[in-house]
Number of protein chains: 2
Amino acid sequence: MNSPGDVLDLISRGAAETRTDLARQTGMARSTVAQRVDALIGFGLVEETEPGESTGGRPPRLLRLNTAHNCVLGVDLGATHCRVALLDIGGKPLASCETPIQITQGPHEVLAHVDARMHELLTRANRPLESVKAIGIGVPGPVEFATGRPVNPPIMPGWHEYPIPDFFTSRYNVEVLVDNDVNVLALGERRFAYPGSAHLLFVKIGTGIGCGIVADGRLHRGAQGSAGDIGHIRVPDAPHAVCRCGNTGCLEAVAGGAALAARLSAAGTPARTGHDVVTLVNQGDAAALRLVREGGRVIGDVLAGLVNFFNPEAIVVGGVMAQVHEPLLAGMREVIYQRSLPLATHRLTVVPSRSGEEGGSLGAGRLAIDHILAPDYINRALSTGQGAA
Amino acid sequence: MNSPGDVLDLISRGAAETRTDLARQTGMARSTVAQRVDALIGFGLVEETEPGESTGGRPPRLLRLNTAHNCVLGVDLGATHCRVALLDIGGKPLASCETPIQITQGPHEVLAHVDARMHELLTRANRPLESVKAIGIGVPGPVEFATGRPVNPPIMPGWHEYPIPDFFTSRYNVEVLVDNDVNVLALGERRFAYPGSAHLLFVKIGTGIGCGIVADGRLHRGAQGSAGDIGHIRVPDAPHAVCRCGNTGCLEAVAGGAALAARLSAAGTPARTGHDVVTLVNQGDAAALRLVREGGRVIGDVLAGLVNFFNPEAIVVGGVMAQVHEPLLAGMREVIYQRSLPLATHRLTVVPSRSGEEGGSLGAGRLAIDHILAPDYINRALSTGQGAA
DNA sequence: ATAACTTCGTTCGATGATCGACGTAAGTAG
DNA sequence: CTACTTACGTCGATCATCGAACGAAGTTAT
């Protein structure tokens, strides 16, 4: 708690607004804090705003992140969509857009499309390209986070080992963070909705089923970066359901959006995708409703085990199917609270995602923001004297 | 990388043996390192040993942890046994003992027994009481780590909320760390056998089944400290097996040592405990062998899911049943490598525990050692000027 | 209005930690 | 024995941080 980066951290978290606050919280002398703040202001990351309320003496000069000159881009790539968001470093969305793409067209075409959208957003928000300080990207497949390369992504042919960051670093001269889309969603959800939770699971129920893991406040990616792949855990309910992974009885072959649609079709109500199932539920279709709730139970069965194993504080449910979260969460809770240990469920909350359609791009932006506001990144940047604004 | 604690950390990990080494690795000036080392020597934690090999100039004076004046006590409490070990702070066992106890006799009696064993070990190893710098304890139930109090432990009546550390702090004037026995085992196994693995699961298969989780090199205890309780995850194989937890179909009600014994008895071969099953397997009993392998498959089914979820580098199997690890691990691997995703199993190793009977007490000792050698603990201690040796 | 008080921010000399040059110790190579 | 190499300790210089003192800018009491 004594570096310039820590000072910035307190400001960005809203934990301190004045120099005196900072001195109290860091334990440093006021003079030292003032020097740190001056450096950060000179660096362009912090600005002084209007005077604050007096508490009986001279009013303090409030400090804020300099959101005018610093922003990040967050990108959410899906199988068939691409959402790009421009955020200031306070996390406030400035502009965003969603366009259809085919991820199967390969990295060159897709990333060029993303690049074009980025420029549009910058123009629309009237921000120069130099104000972009980092880029975060979520992709629908496993990624080696350190290098930003997808690793044998099942639904992204042509992307294996492609160095995504390189495409942008040459164009923007900033660092590019690439991660799995579910991790990015977990991060976004945590910061936007549950700032305090150190242990959180974000369960995305779309066509398939995935899970982002926040352990001790940080993303857990596992040894090969494949952690959270819960879609292919075996469930007892349908031992013969064939999964795209080649195995049978996988969770997502029973309770994923595609599986629910298939089962609904087989039962006589035509549905092609998870979206169709959602539509039917919203139209009051009893069979669809029953199926979603039953799917929730199956997912809950897996989550009950993970609750015992991981002991999270919160489970957040997102993805297409979460649009009908009432029956889905009802089914999940039913099983979780019955099957998990009381100590683990005592303070567990199971809630729908609050971040909505933009969750992915905002979470990707958050990944970028967290990176450039990290204390050691700031300390390095200040000591090497790289200008920001 | 610049505090006295970091210098000690390098020495204790064996990463640096000379002052020049330390200067290179920390980036500090040699003079600064020398001052740090002097402080640590004065504090009694480091000592100079014989001169090292010359590499063409003046031979360096090697530095080591001062193991003569510093040791820790590690305690492994089970339902019916108590193992105490005295280790020097290098982790070398100096003396140990195992005695039968009944944990049900409650904290006063059991801890008094432990205290007596501690004094015996100190006498036997000829170390003064003052050389004990910390105490680590593993107990068979959930513990609130921060306070060292068991929380509703199912097999430890009378221990609920009992402040175990207080019992010893008054007698030894050192810090006491209390954790779940499986966590302690995971810690011990990691340090003794797989120093590099950041993500490790230690699965203990005794009467029940539990799991210690090492994530990013540190123990994951979860929100309520109940993480790793995998014994009560539902398995599809025996939906009607009644578990002591009140539910049915729990993993430990199917594949735990007690369950295996019960099933073997029901099949005509009398066995009362997991131990009996182990004995039968070692005697070549075909039914017991088949049952253990089948139990391995059931556990493997659960672990396959956890491998997908957590993506560990290694799964280490310990506990009584691991004494027959050939059939057990065969069954586990069979299922894990079939059911988990290739990316996750690619570099996964499933191995028996190497720490043996003493694993618990050594791991508890390791918990204590890690605590007193932690950089920030050392920094605090040096700045407050508390003497050590 | 004015004085007294409170709080905020800055200036500046004192202090302490760290550095790096230098000197000495203790070995090897020729 | 001399030159060279490497390691360790000493000591003055330097730099970061602190804390006291001061000025700035408000509120409260008279």
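Here is the naming used below: chain letters follow the sequence lines, and residue numbers restart at 1 for every chain.
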Residues two or more places apart in sequence or in another chain: which of them pass ring-ring contact (aromatic ring centres under 6.0 Å, His included) with B:F145?
none
Residues in side chain to side chain contact (heavy atoms under 4.5 Å, CB included) with B:Q35, at least two apart?
none
Which residues pass the side-chain hydrogen bond (donor to acceptor under 3.5 Å, both in side chains) test with B:E50, not counting sequence neighbours?
B:R64
Spacing of B:I41 atom CD1 relative to D:dC8 atom P, expressed in whole Å:
11 Å
Using residues 36-47 of chain A as the side-chain source, report each donor-acceptor pair under 3.5 Å to any protein atom, sequence neighbours left out, with the distance given to one decimal.
from	atom 1	to	atom 2	distance (Å)
A:R36	NH1	A:N2	O	2.5

Give a yes or no on this: more than 12 heavy atoms of other residues, nucleotides or ligands lie within 6.0 Å of atom CG of A:D376.
yes
For B:H220, ring-ring contact (aromatic ring centres under 6.0 Å, His included) partners two or more places apart:
A:H199, A:F310
Applying side-chain hydrogen bond (donor to acceptor under 3.5 Å, both in side chains), can you list everything that pairs with B:R58, at least two apart in sequence or on another chain?
none
Could you run down nucleotides 24-30 of chain D 5' to 3' and tag each one B, S or - for protein heavy-atom contact under 4.0 Å?
BBBS---
Generate the contact string for nucleotides 10-22 of chain D. Rules: B means base contact, S means sugar-phosphate contact only, - means no protein heavy atom under 4.0 Å.
B------BBB-B-
With a 4.0 angstrom cut-off to heavy atoms of chain A, pull out the first and last contacting nucleotide of DNA chain C, in 5'-to-3' order.
C:dT6 to C:dT11
B:R24 meets the side-chain hydrogen bond (donor to acceptor under 3.5 Å, both in side chains) criterion, sequence neighbours left out, with B:D21
Among residues at least two apart in sequence or on other chains, which ones pass side-chain hydrogen bond (donor to acceptor under 3.5 Å, both in side chains) with A:T147?
A:E144
Can you list everything that forms a salt bridge (charged side-chain N to carboxylate O under 4.0 Å, His left out) with A:E175? Sequence neighbours excluded, please.
none
